Amino acid sequence: MRNYTARLLCGLSIWVACFAVHASEHYEAHCAACHGSDGGGNVALKAPNLTYLSEPYMKRQVAAFKQGWRQSSDAASPSAMMTDAIESLDSTLLDRAVSEAAQLTPAAPKRTPSKEFDLRKGRSQYTAFCGSCHGTTAIGNDRLGAPALVGFEVAYLVRQYRAFASGARGAHKSDRYGQQMARLAKALPNADQIENVMAYVESLTQ
């Protein structure tokens with residue numbers, strides 16, 4: 001009986017390991033090279049951490065890249081790289097890859113190198129301008145189309161905010177949520193304000 005139990009447990013362990021590999025095969029094949037096997041992102045490639053984002057949000061962004069809402073004239077930009085990476089992939093395969101990404105364990109964010117930020121001011125401004133959509137702890141709200149902001153480093157968050165504020169992102173007429181954010185991004189015109197808010201958000205990630 002003891003040997004049978006041992007064989008059964010061994011067999012189950014192998015099955016679980018094989019299932020885990022199979023369950024992430026599409027993500028590994030098409031996303032991991034930039035976003036990492038753990039989904040934690042790659043600062044050098046400006047590829048964001050995916051592990052705190054919801055499946056509906058990620059699917060919407062993939063569709064935005066496929067449909068040209070997030071195109072960039074700069075061929076070396078992260079948006080252009082993402083567009084090129086998924087251009088030849090069909091929607092079914094992309095849906096599977098995104099679903100697998102959504103099951104990844106939250107990965108530790110790539111922390112911003114030490115710099116003096118005013119987290120007190122950042123918290124105040126976040127509460128005033130961001131919390132009603134993204135939540136008091138920045139975990140996002142799918143009903144409002146607002147993604148989680150935790151899990152990202154300051155540089156990525158600042159870059160995206162400025163893209164919305166400048167019209168580089170959220171300008172497409174079909175991008176309802178992007179247009180909404182583009183309008184709201186005018187609330188923080190000062191670079192220090194933006195950095196303080198994003199540093200506060202980064203500090204929320206456990």
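Start at 1 with the first residue, then count along the sequence. Bear in mind the structure is a predicted one, so any value in this text is a computation, not a measurement.
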Query raised in the report: Which value, rounded to the nearest 0.5 Å, describes the distance between Leu53 atom CG and Gln61 atom CD?
Result: 8.5 Å
Hey, can you pull the donor-acceptor pairs under 3.5 Å for the side chains in residues 76-90, sequence neighbours left out?
unit_1 : atom_1 : unit_2 : atom_2 : d
Ser77  : OG     : Ser72  : OG     : 3.2
Ser77  : OG     : Asp74  : O      : 2.8
Ser77  : OG     : Ala80  : N      : 3.1
Thr83  : OG1    : Ser79  : O      : 2.9
Asp90  : OD1    : Thr92  : N      : 3.0
Asp90  : OD1    : Leu93  : N      : 2.8

Got a list of side-chain donor-acceptor pairs under 3.5 Å for residues 156-163, not counting sequence neighbours?
unit_1 : atom_1 : unit_2 : atom_2 : d
Gln160 : OE1    : Arg169 : NH1    : 2.6
Tyr161 : OH     : Ala185 : O      : 2.9
Tyr161 : OH     : Leu188 : N      : 3.3

Query raised in the report: ring-ring contact (aromatic ring centres under 6.0 Å, His included): which pairs involve residues 177-198, sequence neighbours left out?
Result: none
Query raised in the report: Is any side-chain heavy atom of Ser37 closer than 4.5 Å to a side-chain heavy atom of Glu28?
Result: yes
Query raised in the report: Do you know which two heavy atoms are closest between Val201 and Ala138, and how far apart they sit?
Result: CG1-CB, 4.2 Å
Query raised in the report: Can you find a pair of side-chain heavy atoms, one from Ser54 and one from Asp142, that are under 4.5 Å apart?
Result: yes
Report task. Just do the side chain to side chain contact (heavy atoms under 4.5 Å, CB included) check on Asn141 and Cys133 with the steps written out, would you? Result -> CA-CA 7 Å; Asn141 186 330; Cys133 290; over 6 Å; no
Requested in this report: Please name the pair of heavy atoms, one in Glu153 and one in Glu202, separated by the smallest distance, quoted to 0.1 Å.
Outcome: CA-OE2, 3.4 Å
Query raised in the report: Any donor and acceptor pair, going by atom type alone, linking the side chain of Ser24 with main-chain N or O of Tyr27 inside 3.5 Å?
Result: no
Report task. Indicate yes or no for a side-chain donor-acceptor contact from Asp38 to the backbone of Ala107 under 3.5 Å, with no hydrogens or angles considered. Result -> no
Query - Lys59 vs Ser99 side-chain heavy atoms within contact, under 4.5 Å - result: yes
Query - Least distance between heavy atoms, Cys34 atom then Leu45 atom - result: CA-CD1, 3.9 Å
Query raised in the report: Between Ala182 and Gly170, what is the shortest heavy-atom contact and its length?
Result: CB-O, 4.0 Å
Query raised in the report: Do Glu195 and Phe117 come within less than 4.5 Å of each other through their side chains, counting heavy atoms only?
Result: yes
Query - Ser174 side chain near Gln67 side chain, heavy-atom distance below 4.5 Å - result: no
Query raised in the report: Would you say Lys46 has more than 12 foreign heavy atoms packed within less than 6.0 Å of its NZ?
Result: no
Query raised in the report: Restricting to pairs with a member in residues 119-132, which pass side-chain hydrogen bond (donor to acceptor under 3.5 Å, both in side chains), not counting sequence neighbours?
Result: none
Report summary line: Heavy-atom closest pair (Pro189 atom, Ala187 atom, distance to 0.1 Å) is CD-O, 3.2 Å
Query - Same apolar cluster: Leu184 and Phe129, side chain cutoff 4.5 Å - result: no
Query - Pair listing, ring-ring contact (aromatic ring centres under 6.0 Å, His included) test, anchored in residues 61-85, at least two apart - result: Trp69-His172
Query - Greater than 12 external heavy atoms within 6.0 Å of Lys186's NZ - result: yes
Requested in this report: Nearest 0.5 Å please: distance from the CG atom of Leu204 over to the OG1 atom of Thr136.
Outcome: 9.0 Å
Query raised in the report: Counting distance only, does the side-chain N/O of Asn190 pair as donor-acceptor with the main-chain N or O of Gln193 below 3.5 Å?
Result: yes
Requested in this report: Grab the two heavy atoms, one from Thr51 and one from Pro106, that are nearest each other, plus how far apart they are.
Outcome: OG1-CA, 3.5 Å
**Report entry** Intermediate values then yes/no, side chain to side chain contact (heavy atoms under 4.5 Å, CB included), Asn49 and His35
**Finding:** CA-CA 7 Å; Asn49 185 346; His35 294 279; over 6 Å; no
Requested in this report: Would you check, one step at a time, whether the test side chain to side chain contact (heavy atoms under 4.5 Å, CB included) holds for Tyr52 with Leu149?
Outcome: CA-CA 8 Å; Tyr52 289 81; Leu149 301 179; over 6 Å; no
**Report entry** Approximate separation, where rounding is to 0.5 Å, of Arg176 CZ and Met181 CE
**Finding:** 15.5 Å
Report task. Return the set of residues passing side chain to side chain contact (heavy atoms under 4.5 Å, CB included) with Ala33 (not counting sequence neighbours), or none when no residue passes. Result -> none
**Report entry** Atom pair CG/OH of Leu119 and Tyr200 - distance to nearest 0.5 Å
**Finding:** 9.0 Å
